[in-house]
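These figures come from a predicted structure and were not determined experimentally. If you read the sequence from its start, that first residue is 1, and numbering goes on from there.
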Amino acid sequence: MSFPQSSFRKLPARYASVVMPLLLSLLMTCIVSVISTLRGIGPGGFPQVWLAAWGLSWLVAFPVLLLVLPVVRRLTMLIVRPA
């Protein structure tokens, strides 16, 4: 995926181990909380309830991802043949 050139300054590569779980946790908790909130309460009052649910789930998911991602990488290498 290619993005247009901009004046956005990129972070050094050493931050990838934090940026990837940050983005992954934001996207995944957003999707899961939308689905579970809609299923639980329906569309009435959705925005307020969903934002609270998303915030709480992200506060849990991001640190958990930081902790478990190295273990998941090792487990993946046990299952997947090197390129």
Side-chain angles (χ1 to χ4, degrees):
M1 179 181 234
S2 172
F3 292 102
Q5 288 289 10
S6 70
S7 61
F8 178 72
R9 247 177 95 204
K10 291 185 178 183
L11 294 170
R14 68 179 180 269
Y15 293 107
S17 64
V18 174
V19 172
M20 187 182 67
L22 172 70
L23 296 174
L24 183 61
S25 65
L26 284 169
L27 290 170
M28 290 303 298
T29 55
C30 176
I31 293 166
V32 171
S33 64
V34 164
I35 292 167
S36 80
T37 303
L38 278 175
R39 183 160 165 82
I41 68 163
F46 174 79
Q48 299 85 3
V49 175
W50 169 69
L51 281 173
W54 185 19
L56 180 60
S57 63
W58 181 80
L59 283 174
V60 172
F62 181 54
V64 168
L65 267 174
L66 289 174
L67 292 172
V68 302
L69 200 53
V71 175
V72 171
R73 283 188 182 124
R74 286 188 196 108
L75 290 172
T76 300
M77 295 318 298
L78 292 173
I79 298 168
V80 176
R81 189 176 344 151

Search all heavy atoms of T29 against all heavy atoms of A61 and return the closest pair with its distance.
->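 T29 and A61 have their closest heavy atoms at CG2-CB, 3.5 Å.
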Where is the tightest heavy-atom contact between S33 and S57, given as atom of each residue plus distance?
->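 Residues S33 and S57, closest heavy atoms: CB-OG, 4.4 Å.
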Spell out, yes or no, whether [X] and [Y] are grouped together once hydrophobic residues are joined by side-chain heavy atoms under 4.5 Å, including indirect joins.
X: Y15; Y: L65; value: no
X: I79; Y: V72; value: no
X: L59; Y: L66; value: yes
X: L38; Y: W54; value: yes

Nearest-0.5 Å distance, [atom1] of residue [X] to [atom2] of residue [Y]:
X: L26; Y: I31; atom1: CG; atom2: CD1; answer: 11.0 Å
X: L22; Y: S17; atom1: CG; atom2: OG; answer: 11.5 Å
X: L23; Y: M28; atom1: CG; atom2: CE; answer: 13.5 Å
X: I41; Y: W50; atom1: CD1; atom2: CH2; answer: 12.0 Å
X: L27; Y: W58; atom1: CG; atom2: CH2; answer: 12.5 Å

Evaluate whether atom CZ of F46 has more than 12 neighbouring non-hydrogen atoms of other residues, nucleotides or ligands under 6.0 angstrom away.
->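 Counting other residues, nucleotides and ligands, CZ of F46 exceeds 12 neighbours.
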If we only count heavy atoms from C-beta on, is the L75 to L78 side-chain gap below 4.5 Å?
->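 In contact.
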